[in-house]
Amino acid sequence: MILSGAWKRRKSSDHFLGLPMAKKLHPLVREYQDWSPRSAKLMDRGRQVFPGGDTRASAHYGPYPLVMESGEGCRLLDADGHEFLDFMNNFTSLIHGHAHPATVSAVTQQVPRGSAFAAPSASQIELAELIVSRIPSIEQMRFCSSGSEATLMALRCARAVTGRQKIMKMEGGYHGSYELAEVSLIPVPDQRGAIDHPRSLAIDNSIPDSVLADTVVCPYNEPDLARALINEHAAELAAVIVEPILGSMGMVPASAEFLTALREATEKNNIVLIFDEVISLRLSSAGEQGRQHLTPDLTCMGKIIGGGLPVGGFGGSKDLMQVFSPEAKETVFHASTFSGNALTMASGLATMSEFEEKDSDRINRLGERLRSGFNGTLSQHGIRGQAIGSGSLSNIILSDDTIHDARDSMQGMMAAGHISALLHLGMLRKGIVSASRLMYCISTPMDETHIDTAITALSDSLTELRPHIEAEKPGLLI
Ligand SMILES: Cc1ncc(COP(=O)(O)O)c(C=O)c1O
């Protein structure tokens, strides 16, 4: 039997968030269940056909996630008929929220004309032209079907051009659903090693030792340590890959000093610097690199560039991207059945054409309003907590310690324990959808009134939670 023993080989990073499983049902969880009976029933059916009830781990939370039925603009409707403001936006990918009229029209026109051809289309050229015109570091690009594929192909490009094997990634960085992309995503305290030499940690028992050995883990936001590690491993490093804002571990922005240190050290050692802007591209029309005036060698994209349909993209200088030319002498093979499919390209082109600098500036300002309102509310309620992030991307962490890397945010999440999960359920009942890790992002249909509604919902949720915090996690009270 295949399962025997193998699972014990390596201790995986236990879930540190979420609701306690074995204990008596928490009264606030009971309220959530009473309030969402149709979702509960559908999820019972889901559990028959999907492990855990859903087809995607990141969207799961306990006791079960709400089943959504429709979305329009910044509003969502669930199976029980509740209406929500959507601050999740499919994990930041819906820049215009749901069913933007220009996107609906473009996709509706494309559907009867065919969805995918094994041939180039004018719309893929147009969307690439738009992206290339906005992001100076991208002279040429490729589309693919997911952000995971984008980062994977960027890493392959780096290995091919440098002839080296190892990849440096950040502790707490997430680059997709494959082995290397998740190494040391969760820096488990008793396993992660010293800050100047973090260990390569497997996210679960499926990660081969060879992948861990090929990954050098770098502490986030530590310019001097990063320089030292890059110099130490320079001879074997093909690439350094970094998210300019550490998304999965709490929307921790990289300092300009840190990104500059990575740029200088990689340039000095002929290592390919890859910015994973799958999330951060929404921060300006040229992504976070545009705001920070930095030039990576390769950039990975995804999420917003597909206008709500599955997508990925990667690009850089012509010199580097030449390895993907089928006409090149030494080529990296990139096939991918749905790359540049006509539906995604129509959707992405319509969506990105309607997303300009003035739009990113406006929703970034709304993000500042949200963080400042959340911070004021947490302090009025005497709760240790803060909203961090950058522009339209925010995360609440129930800790008042400074959060500058994944270790800090993990510490905060562990200290808050199940209270974070209860706050998420409370916000849902008050009509605000966020990621269960309390990540909130803003879409262009939102204005100040939507932000203020979320701030009021936080205040009401904290009032409801107060007696439970007093009884169950008094350390969270100031
Ligand atoms: C920074 C980053 N890179 C890559 C990915 C992978 O993208 P996808 O889920 O489209 O494969 C994600 C997904 O959330 C991400 O946040």
Side-chain angles (χ1 to χ4, degrees), residues 28 31-32 35-36 39 59 61 65-101 250-251 282-283 308 355 359-383 385-398 419-466 468-469:
L28 293 181
E31 279 208 36
Y32 173 86
W35 168 82
S36 55
S39 276
Y61 52 88
L66 296 179
V67 176
M68 291 299 167
E69 284 205 333
S70 63
E72 193 182 347
C74 57
R75 297 191 186 274
L76 275 176
L77 209 62
D78 78 356
D80 286 279
H82 304 120
E83 194 178 294
F84 303 89
L85 286 180
D86 186 7
F87 281 85
M88 161 74 110
N89 288 300
N90 191 26
F91 281 101
T92 78
S93 62
L94 305 171
I95 197 70
H96 299 311
H98 305 271
H100 186 278
M251 291 299 167
R282 59 169 24 248
L283 294 173
F355 183 59
D359 304 303
S360 54
D361 283 351
R362 190 179 68 79
I363 61 171
N364 285 347
R365 283 196 299 276
L366 291 179
E368 280 157 28
R369 183 185 181 100
L370 184 74
R371 283 188 292 282
S372 133
F374 277 177
N375 282 327
T377 304
L378 287 159
S379 102
Q380 272 161 25
H381 283 260
I383 307 284
Q386 57 192 304
I388 62 167
S390 178
S392 60
L393 300 162
S394 305
N395 214 111
I396 293 179
I397 297 184
L398 294 179
I419 296 297
S420 224
L422 292 177
L423 178 57
H424 172 243
L425 297 185
M427 290 289 273
L428 287 175
R429 284 194 291 108
K430 294 182 176 42
I432 303 297
V433 167
S434 71
S436 57
R437 62 175 185 259
L438 302 179
M439 183 281 292
Y440 298 77
C441 83
I442 293 171
S443 61
T444 60
M446 289 182 174
D447 62 26
E448 282 78 5
T449 60
H450 302 112
I451 304 304
D452 296 347
T453 302
I455 296 166
T456 304
L458 178 64
S459 183
D460 293 347
S461 302
L462 291 177
T463 302
E464 181 185 77
L465 257 180
R466 175 95 198 182
H468 301 283
I469 299 177

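It should be emphasised that the depicted structure is a prediction, and the values quoted were computed from it without experimental measurement.
- Gly385 and Asn375 make their closest contact through O-OD1, 4.5 Å (heavy atoms, listed as atom of the first residue, atom of the second, distance).
- The closest side-chain heavy-atom distance from Val433 to Met68 is below 4.5 Å.
- Atom-to-atom distance recorded for Leu465:CG and Leu398:CG is 9.0 Å, nearest 0.5 angstrom.
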Problem - Verdict with reasoning, Leu66 to Phe84, per side-chain contact (heavy atoms from CB on, under 4.5 Å) - result: CA-CA 11 Å; Leu66 296 179; Phe84 303 89; 3.4 Å; yes
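- The CE atom of Met439 sits 5.0 Å away from atom CE of Met251, with the distance rounded to the nearest 0.5 Å.
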Exercise for the section: Starting from the C-alpha separation in whole Å, work towards a yes-or-no answer on side-chain contact (heavy atoms from CB on, under 4.5 Å) for Leu393 and Arg282. Expected result: CA-CA 9 Å; Leu393 300 162; Arg282 59 169 24 248; 3.5 Å; yes
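- Two residues are said to be in side-chain contact when any heavy atoms from C-beta on lie closer than 4.5 Å; His82 and Leu77 fail this criterion.
- Applying the ring pair (Phe, Tyr, Trp, His ring centres under 6.0 Å) definition to pairs two or more places apart or across chains, those involving residues 438-457 are Phe374-Tyr440.
- With values rounded to the nearest 0.5 angstrom, Asp447 atom CG is found 8.5 Å from Thr453 atom OG1.
- With Asn89 contributing its side chain and Phe91 its backbone, the two residues share no donor-acceptor pair below 3.5 Å.
- Taking all atoms of both residues into account, the shortest heavy-atom contact from Leu423 to Ser461 is CD1-CB, 3.7 Å.
- Counting heavy atoms from C-beta on, the side chains of Ser420 and Leu438 come closer than 4.5 Å.
- Between the side chain of Ser93 and the backbone N or O of Asn90, at least one donor-acceptor pair lies under 3.5 Å.
- Scanning both residues, Gly367 and Ser394, for their nearest heavy atoms gives O-OG, 4.1 Å.
- Put simply, the side chain of Met427 does not reach to within 4.5 Å of the side chain of Lys430, judged on heavy atoms.
- With a 4.5 Å cut-off on side-chain heavy atoms, Leu422 and Ile469 do not count as touching.
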Practice task
List the steps, then state whether side-chain contact (heavy atoms from CB on, under 4.5 Å) holds for Arg429 with Glu464.
Solution key: CA-CA 11 Å; Arg429 284 194 291 108; Glu464 181 185 77; 2.7 Å; yes
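- Taking the six-membered ring where tryptophan is involved, the planes of Trp35 and Tyr32 are tilted, since the angle between them lies from 30° to 60°.
- Side-chain contact between Ser390 and Leu283 is present, with heavy atoms from C-beta onward closer than 4.5 Å.
- Of all heavy-atom pairs between Gly373 and Ile455, the closest is CA-CD1, 3.5 Å.
- In this structure the side chain of Cys441 never reaches within 4.5 angstrom of the side chain of Ser392, judged on heavy atoms.
- Using modelled atom types, one side-chain atom of Ser39 and one backbone atom of Val67 make a donor-acceptor pair closer than 3.5 Å.
- Ala99 approaches Gly71 most closely through the heavy-atom pair CB-O, 4.0 Å.
- Nearest heavy-atom pair across Leu85 and Arg75 is CD2-NH1, 3.6 Å.
- We find the CZ-CZ distance between Arg365 and Arg362 to be 8.0 Å, quoted to the nearest 0.5 Å.
- Contact of the Glu448 side chain with the Leu366 side chain is registered, since non-hydrogen atoms from C-beta on lie closer than 4.5 Å.
- Counted by atom type alone, His96 and Thr444 present one or more donor-acceptor pairs between their side chains at under 3.5 Å.
- Between the OG atom in Ser70 and the NE2 atom in His98 there is a gap of 9.0 Å [rounded to 0.5 Å].
- A salt bridge links Arg369 with Asp452: at least one charged nitrogen is closer than 4.0 Å to a carboxylate oxygen.
- Formation of a donor-acceptor pair under 3.5 Å by the Arg466 side chain with backbone atoms of His381 is found in this model.
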Handout entry: side-chain contact (heavy atoms from CB on, under 4.5 Å) assessment of Ile432 paired with Leu428
Key = CA-CA 5 Å; Ile432 303 297; Leu428 287 175; over 6 Å; no
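- With rounding to the nearest 0.5 Å, the separation of NE2 in His100 from CD in Glu72 is 11.5 Å.
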